[in-house]
A.B. asks: 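The structure follows.
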Amino acid sequence: MTNDYIYEIHGGRPLQGTIKVSGAKNSAVALIPASVLANSKVTIDGLPDISDVQTLRRLLEEVGIETSFVDGTMEIDPSGIVEMPLPNGDVKKMRASYYMMGAMLGRFGRAVIGLPGGCPLGPRPIDQHIKGFEALGAKVTNEHGAIYLRADELVGAKIYLDVVSVGATINIMLAAVRAKGQTIIENAAKEPEIIDVATLLTNMGAKIKGAGTNVIRIDGVDELHGTRHSIIPDRIEAGTYMIMAAAIGKGVTIDNVIPLHVEALTAKLREAGVVIEEGEEQIFIPERTEPLAPLDVKTLVYPGFPTDLQQPLTVLLTQADGTSVVTDTIYSARFKQVDELRRMGMKGRVEGNAAVITGPVELEGAAVRATDLRAGAALVMAGLLAKGKTHIYDVYHIERGYSDLIEKLNEIGADIRRVPKKEEIVTNE
Ligand code: EPU
């Protein structure tokens with residue numbers, strides 16, 4: 001995680017052309033730990049080139065797994081895996097390292113994993129993960145900032161999630177594929193990334209039914225084997241570019257997208273007056289000719305409007321003609337971008353778990369700080385829209401999750417440079 005660079009954006013340049021979406025970050029960060037469960041080589045194609053993927057790769061190597069990563073293809077050979085505690089270091093750098101809990105528990109019946117870091121979006125408990133592991137027979141304790149999981153034997157169980165959680169659903173799945181007997185996860189999350197992980201596990205020999213619905217049934221097996229898997233496209237990256245295209249596009253094609261996965265966004269953009277043409281794996285957004293209408297948006301679990309797109313959307317709404325309200329029901333404090341955007345001229349405020357934004361305004365370049373991944377994407381977008389020069393600090397957040405962001409956007413007309421940081425900015429953080 002280097003913090004020596006900033007992004008310099010010269011705004012006001014329209015986007016035009018085709019932008020290709022990479023493999024899904026939130027699948028990648030689960031698929032890589034899932035491969036730990038195999039007893040022979042797993043190959044995953046289409047992985048995004050982001051720092052979260054590199055961090056996970058280092059974690060696998062720490063436990064003796066051989067890996068290679070060339071052109072988005074990672075080969076993972078877990079046959080030499082050693083049972084090792086992972087209390088510190090890389091494990092703390094990213095929240096999704098919590099998938100090593102389920103994976104190591106499934107593989108060894110035991111695990112020690114440092115409590116995860118990740119984006120500061122307000123409280124992000126993992127009680128549902130732990131409840132699931134305990135139901136499968138693990139004893140779970142928190143000792144000095146690390147979670148210790150120990151099971152004599154994992155036994156299938158019926159688990160009702162009190163909160164619909166992507167992470168808990170996947171983590172329980174990872175452990176349950178090696179448990180004795182049947183596990184039923186009720187009130188499971190339904191995100192496409194869950195189906196992707198279930199597909200990998202199934203191709204490794206697991207027996208999983210119902211992934212993508214709210215009841216998942218898993219029959220445990222004794223052994224899982226290697227396989228080859230192609231990751232799904234990143235619906236959040238696709239959505240980010242759709243929002244940018246709606247704001248400042250002169251005809252942008254988003255390539256490698258599954259339109260169904262971004263349907264909630266498509267519906268909201270259309271409501272605002274954006275024209276969207278859907279192909280099989282492409283979405284075309286022509287130049288806007290009508291003013292944007294304001295929106296009332298509420299984030300929900302999939303297939304509702306994703307919390308991860310709420311932050312970029314707030315930037316688009318600075319261009320809408322009237323007052324918009326964006327409510328986040330998943331992460332109530334995920335509005336750190338608003339303070340930064342106000343430096344750029346946004347007329348907006350946070351009220352409880354909502355941002356209230358009035359437009360249209362002309363944004364102006366400023367020095368701003370990426371406080372988390374999607375806030376970072378929002379600031380890049382604001383920089384593209386703004387008059388003059390924008391400097392974005394703490395871009396390592398952005399590089400955790402967007403593959404080749406600068407190259408991709410510059411290719412379609414943006415002017416973004418990654419330049420060495422000369423001085424620290426002072427913000428009211
Ligand atoms: N929750 C609990 N207890 C738990 C787990 C979750 O109360 O044990 C709550 C959370 O606090 C939150 C809600 O349940 O209010 C949903 O959390 P979820 O577990 O679904 O989130 P996650 O698995 O930790 C994933 C994505 C996030 C994305 C959320 C919501 C990954 C690695 N991360 O997080 O992605 O915002 O689902 O869709 O898959 C991002 O990509 O920028 C990002 C933060």
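These numbers come from the heavy atoms of this one structure, side chains and all, not from hydrogens, waters or symmetry mates. As the structure lists them, so they are numbered: ligands from 1, and atoms in each ligand from 1.
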A.B. asks: Only heavy atoms of Arg334, strictly under 4.0 Å: list the atoms of ligand 1 that pass.
C.D. replies: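 Numbered from 1, ligand 1 contributes 36 (O), 40 (C), 42 (O), 43 (C), 44 (C).
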
A.B. asks: Does Gln128 reach ligand 1 with a nitrogen or oxygen that is under 3.5 Å from one of the ligand's nitrogen or oxygen atoms?
C.D. replies: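 Yes; the residue has a nitrogen or oxygen that sits under 3.5 Å from a nitrogen or oxygen of the ligand.
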
A.B. asks: Is it the case that ligand 1 has an N or O less than 3.5 angstrom from some N or O of Val166?
C.D. replies: yes

A.B. asks: Can you sort out which atoms of ligand 1 are near Val163, meaning under 4.0 Å from one of its heavy atoms?
C.D. replies: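 Selected atoms, number and element: 7 (O), 9 (C), 14 (O).
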
A.B. asks: Taking only heavy atoms of Lys25 into account, list the atoms of ligand 1 that are under 4.0 Å away from them.
C.D. replies: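 Counting from 1, the qualifying ligand atoms are 40 (C), 41 (O).
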
A.B. asks: Any N/O of Leu373 closer than 3.5 Å to an N/O of ligand 1?
C.D. replies: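 No; the residue has no nitrogen or oxygen that sits under 3.5 Å from a nitrogen or oxygen of the ligand.
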
A.B. asks: Among Asn26, Asp328, Ile194, which residue places a heavy atom closest to atom 35 (O) of ligand 1?
C.D. replies: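 When every heavy atom of Asn26, Asp328, Ile194 is considered, Asn26 comes closest to atom 35 (O) of ligand 1.
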
A.B. asks: Less than 4.0 Å between a side-chain N and a carboxylate O, is that true for Lys25 and Glu237?
C.D. replies: no

A.B. asks: Hydrogens and angles aside, do Ser22 and Lys408 bring a side-chain donor and acceptor to less than 3.5 Å of each other?
C.D. replies: yes

A.B. asks: Between atom CD1 of Ile50 and atom CE of Met94, what is the distance when rounded to the nearest 0.5 Å?
C.D. replies: 7.5 Å

A.B. asks: Arg374 heavy atoms, cut-off 4.0 Å: which ligand 1 atoms fall inside?
C.D. replies: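 In order of number, 40 (C), 41 (O), 42 (O).
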
A.B. asks: So is Ala168 polar-close to ligand 1, meaning N/O to N/O under 3.5 Å?
C.D. replies: no

A.B. asks: What's the shortest heavy-atom distance between Val297 and Lys268, and which atoms?
C.D. replies: CG2-CD, 3.9 Å

A.B. asks: Salt bridge check: are Asp255 and Lys20 linked by an N-O gap of less than 4.0 Å?
C.D. replies: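 No, Asp255 and Lys20 are not salt-bridged.
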
A.B. asks: Any donor and acceptor pair, going by atom type alone, linking the side chain of Asp196 with main-chain N or O of Ile232 inside 3.5 Å?
C.D. replies: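 Yes; judged by distance alone, with no hydrogens or angles, the pair exists.
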
A.B. asks: Using a 4.0 Å cutoff against the non-hydrogen atoms of Ile126, which atoms of ligand 1 qualify?
C.D. replies: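 Answer for ligand 1: 4 (C), 8 (O).
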
